[in-house]
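Quantities reported herein were computed from a predicted structural model and do not represent experimental measurements.
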Amino acid sequence: MNLSLLEQHSDFEWHIPATGKMRVPGIIYAERGLLEDMDNKVYEQVCHVAALPGIVSASFAMPDAHWGYGFPIGGVAAFDPEAGGVVSAGGVGFDISCGVRTLHTGLVRAQVDAVKARLADTLFARIPAGVGSTGPVHLSATKIDDMLAGGAKWAVDQGYGTQADLERIEERGMAHHAKPAAVSPQAKKRQRDEMGTLGSGNHYLEVQEVDEIYAPSIAEGLGLQRGQIVVSIHCGSRGLGHQIGTEFLREMVVEAKHYGIDLPDRELACAPIQSELGQRYLGAMRAAINCALANRQILTHLAREAFSKVLPQACLTLLYDVSHNTCKVEHHLVDGKTKRLFVHRKGATRAFGPGHPDLPDSIRDLGQPVLIGGSMGTSSYVLVGSNEGADERAFGSACHGAGRNMSRTHAAARWRGRAIVEELASRGILIRSPSDRGVAEEAPGAYKDVQAVVDAAQAAGLARKVVRLVPVVCIKG
DNA sequence: ATGTGC
């Protein structure tokens, strides 16, 4: 990115003044090195989002931002329905409610090392992974509607997990005001056999060791100690979310001119929040959020079954589950007034600070866990939201992962999946994946340095580092 | 991300 286009406000905050059709400024949180490596497309996309109707405060980008469809991945934007604000399918992303959950296991590293290969093989046999993978659950048309309305709560009611799990999921495991009727038959059909599957791309189930502690008292409060083993699951709403994104994007492009919206880029197709189309998309998107929450809940059940075969002393309890592709209704302070806003986070994590009323009682004083998935073979991090006084950054948001810095095509041409698996195995990290090409596309070298991203997020005041996690076993989609 | 590509 051309830094001469930006106004530097601090080492970690850069502004794009509102010019031309921009209604608000752009704000990018990153240090100089990350910014220099960012595609100029991120700059263009932040500016385009700033031109959408009803946007408030600023168009934000997180330190892991990269070029996405319409909105940058790592983008945050909030819209006021009272001021003609819009909802955008491209602002949520295709993989609606893609997210990460992390589970305690009660195990330490030595216990896993003793059975590591068997654990990897058992998880790989149990966890459906890859393009078009199907799962152990098959849903009739009416059952699908129950799932779309009930989310992880529905999954727990079906026997996949416990009530205690629900406490540690955003919105207690269920998005309200989901409208299964707004989801097309085609989207439902695609999802019938895909519940409890990882999918492909950057999705994974990883066994990790807590390797470093940065904030001892918060780590203790979250139940995290050095040497402990945790499990993280990264996946989303599979074919259903993708189908909903595709269909509404098409409809929003066609309808935009009827609503009098001048699109800076057709990929930013959107509809007024208060319009019929906007409301229908929100209902379908919330159903997809419930699909993703139910999916991660069923995968948790499968992981528990796999652990029980190899390490029966393990007890998998949920630390937290956070979605990073969403549009949510939240109340935030804008120009001294509390407003009801529709906050789009695309490749960005909610990061509420300590004391927020939406956090579970048991961890409210610590702040919301922010789960940052690293690239394959590198570290992941647990952060917590921070309250930087009244000056809440980006509506309480933080980064979501390392962020790509190379296209999938480029990565697949440069690396061989098998060589990467062997190299990681030599370092004690066991990868199991159905796809060599998929592994090559996810080569660690195709991603930004996750440590630089997390350090920038902390320095910018978006969130606070708590622990680092290193991979032991990775089931890769 | 995706029964991967209008």
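Contacts of residues 88-97 of chain A with DNA chain B (heavy atom under 4.0 Å): Phe94(A), Asp95(A).
Between the CD atom of Gln243(A) and the P atom of dT2(B) there is a distance of 13 Å, rounded to whole Å. For Glu442(A) and dT4(B), the CD to P distance is 18 Å, given to the nearest whole Å. The CD-P distance, from Glu441(A) to dG5(B), rounds to 13 Å in whole Å. For the pair Lys189(A) NZ and dT2(B) P, the computed distance is 18 Å after rounding to whole Å. If you take CG of Leu198(A) and P of dT4(B), they are 18 Å apart, rounded to a whole angstrom. Here the C1' atom of nucleotide dC6(B) and the CD atom of Glu267(A) are 14 Å apart, to the nearest Å. Atom OH of Tyr69(A) and atom C1' of dG5(B) are 14 Å apart (whole Å). If you take CZ of Arg238(A) and P of dT4(B), they are 11 Å apart, rounded to a whole angstrom.
At the heavy-atom level, Gly245(A) lies nowhere under 4.0 Å from the strands shown. Using a 4.0 Å heavy-atom criterion, one finds that Gly236(A) contacts no nucleic acid atom at all. At the heavy-atom level, Gln186(A) lies under 4.0 Å from base atoms of the strands shown.
Listed by chain and number, the residues in a ring pair (Phe, Tyr, Trp, His ring centres under 6.0 Å) with His66(A) amount to none (sequence neighbours excluded). The side-chain contact (heavy atoms from CB on, under 4.5 Å) check on Ala288(A) picks up Ile96(A), Ser237(A), Leu240(A), Ile244(A), with sequence neighbours excluded. Residues meeting the side-chain contact (heavy atoms from CB on, under 4.5 Å) test with Val131(A), sequence neighbours left out: Ser200(A).
When the side-chain nitrogen and oxygen atoms of Ser200(A) are compared with OP1 and OP2 of dT2(B), one or more of them lie within a distance under 4.0 Å. Contact annotation: Arg408(A) does not reach the phosphate of dT4(B) (side-chain N/O to OP1 or OP2, under 4.0 Å).
Residue pairs meeting the ring pair (Phe, Tyr, Trp, His ring centres under 6.0 Å) criterion with at least one member in residues 431-453 of chain A: none, sequence neighbours excluded. Here ring pair (Phe, Tyr, Trp, His ring centres under 6.0 Å) pairs that include residues 265-302 of chain A, with residues two or more places apart or in two chains, are Tyr160(A)-His301(A), Phe248(A)-Tyr281(A).
Taking the centre of each ring, Phe71(A) and His48(A) stay at or above the 6.0 Å mark.
Under the 3.5 Å distance criterion, with hydrogens and angles disregarded, no donor-acceptor pair is assigned to the side chains of Ser97(A) and Thr326(A).
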